[in-house]
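So the structure is just underneath, and the comments pick up after that.
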Protein chains: 2
Amino acid sequence: MNSRPCIAVLGGTGKEGSGLALRWARVGFPIVIGSRDPERARHTAERLRGTVPGAELIGLSNAEAAAQGEVVVVAVPYEGHASILQSLRDILAHKLIIDVVVPLDPSNPRRYAPPPDGSATAEAQRILGPETPVVGAFHNISHLHLHNLDEIPDCDVLVVGDHREAKARVIALAEAIGFTAYDAGPLANASIVEGLTAVLIGLNIRYKGHGAGIRITGISKPAFPTHKTKDL
Amino acid sequence: MNSRPCIAVLGGTGKEGSGLALRWARVGFPIVIGSRDPERARHTAERLRGTVPGAELIGLSNAEAAAQGEVVVVAVPYEGHASILQSLRDILAHKLIIDVVVPLDPSNPRRYAPPPDGSATAEAQRILGPETPVVGAFHNISHLHLHNLDEIPDCDVLVVGDHREAKARVIALAEAIGFTAYDAGPLANASIVEGLTAVLIGLNIRYKGHGAGIRITGISKPAFPTHKTKDL
């Protein structure tokens, strides 16, 4: 029995999605990895269970994962972003959606290429409708840091969206895996936070780095979770 | 005699412009404060000389300042951004222009409100033409940190623009006053870097902070100037 909400990760076989799944699994959240190919999802789940023995972690199709999750993380490649949300719209209704997708120019990953809605997060919010809270977060956390469990990622999480309570829950979920997370404002700010990922990718290329990130300075925020597990 | 280039700061009576002027004056750059009102410019220059005795620091009209500067910092309120650049276009030709202006929604300073060009920096580059290099930088450095000379600002400088050599000079100018500065990519990234300022203002308001900033993590960059003074 687990009092923590089940987190489904659509596109959870990818680097970013599987990294987040790993982190949450390690602190006891039940996780469902979703993929277009259920077999690949099962394979990824098995691999992650090898890293975190005893984790509640299974693999299913994206639709089955979306149905099981109380919290649903959208971590698909941007090409499939709008179509998966449209096809799962009814299943996702009223759940907490965390969008981590960054639309990049396919011919130049240093370049942010937002859709007409202004950002992937805004696109998701429009498709799912105002009753389903969509929160953008984790865009700036390199998958390299997520997969190295010995490391406390030296990067903060900027959380954006128009649903205040949903943002508070996402901040708590980020804090639960060791991040300092900030309410970075309304949905209109999602383009800035997503776009920052393109800037960081450019820095990695230009300065031969791996996993560039950002830290917020100059404001004090409690270093420890400000939310109880029951609020997650 | 001073081998360092003269830096003119248009709108140098404002908080951000005067803070940058103060920092550069302290390390020996000759500075011209520009203002629509030359009397105000002289007054600000006198005040700053009181903080940095012996500084080469004078106040003039914006047009006179632009004529004297080899490097020209644009730090006017956004309302006057396009018009001052249009009126001084010929004087500014072929100089190094550093644009620090952030277009914010007048009714909500937490909201980035870019012009049709996409960013203030892109607007400046369009107005001044491709022969005059425009570099966006320093947007994310709070004036509070600049004016407190006892402090080494805990914030990095993201430098954007399409002129590579101009960016290298601006990085050197930022390093000369103690910042770690990064080439954050092309002019197209200016909206992200400018917009980040709106996110930081929102964090200050939401978390009751003063002078929120960012640090880049995860990549190593020399902590000391990589450019000689002669390249400034």
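Order of the sequence lines fixes the chain letters, A, B, ..., with proteins taken first and strands second; residue numbering starts at 1 for each chain.
- Across B:Gly202, B:Ala184, B:Gly209, the residue that shares the most heavy-atom pairs under 4.5 angstrom with chain A is B:Ala184.
- If you measure heavy-atom distances from B:Tyr112 to chain A, the contacts under 4.5 Å come from the side chain alone.
- Under a cut-off of 6.0 angstrom, the local environment of CZ in A:Arg111 is sparse, with at most 12 non-hydrogen atoms contributed by other residues, nucleotides or ligands.
- Here the straight-line distance linking atom OG1 of B:Thr217 with atom CG of A:Leu203 works out to 10.0 Å at 0.5 Å rounding.
- To the nearest 0.5 Å, atoms CG (B:Leu196) and CG (A:Leu158) are separated by 7.5 Å.
- There is no contact between A:Ile205 and chain B, counting heavy-atom distances below 4.5 Å.
- The closest donor-acceptor contact from the side chain of B:Arg110 to the backbone of A:Gly185 lies at 3.5 Å or more, if one exists at all.
- B:Arg215 touches chain A through backbone and side chain together, each having a heavy atom under 4.5 Å away.
- By the neighbour-count criterion of 12 heavy atoms within 6.0 Å, atom CD1 of A:Ile152 is sparsely surrounded, having that number or fewer from other residues, nucleotides or ligands.
- No other option in B:Ile214, B:Ile216, B:Val199, B:Asp183 has as many heavy-atom pairs under 4.5 Å with chain A as B:Asp183.
- Taking every heavy atom of both residues into account, A:Tyr207 and B:Ile171 meet most closely at OH-CD1, 4.2 Å.
- Counting non-hydrogen atoms of other residues, nucleotides and ligands closer than 6.0 Å to CZ of A:Arg206 gives a total above 12.
- Heavy atoms closer than 4.5 Å to chain A are found nowhere in B:Leu144, neither backbone nor side chain.
- Residues B:Ile219 and A:Ala212 share a closest heavy-atom pair of CG2-CB, 3.8 Å.
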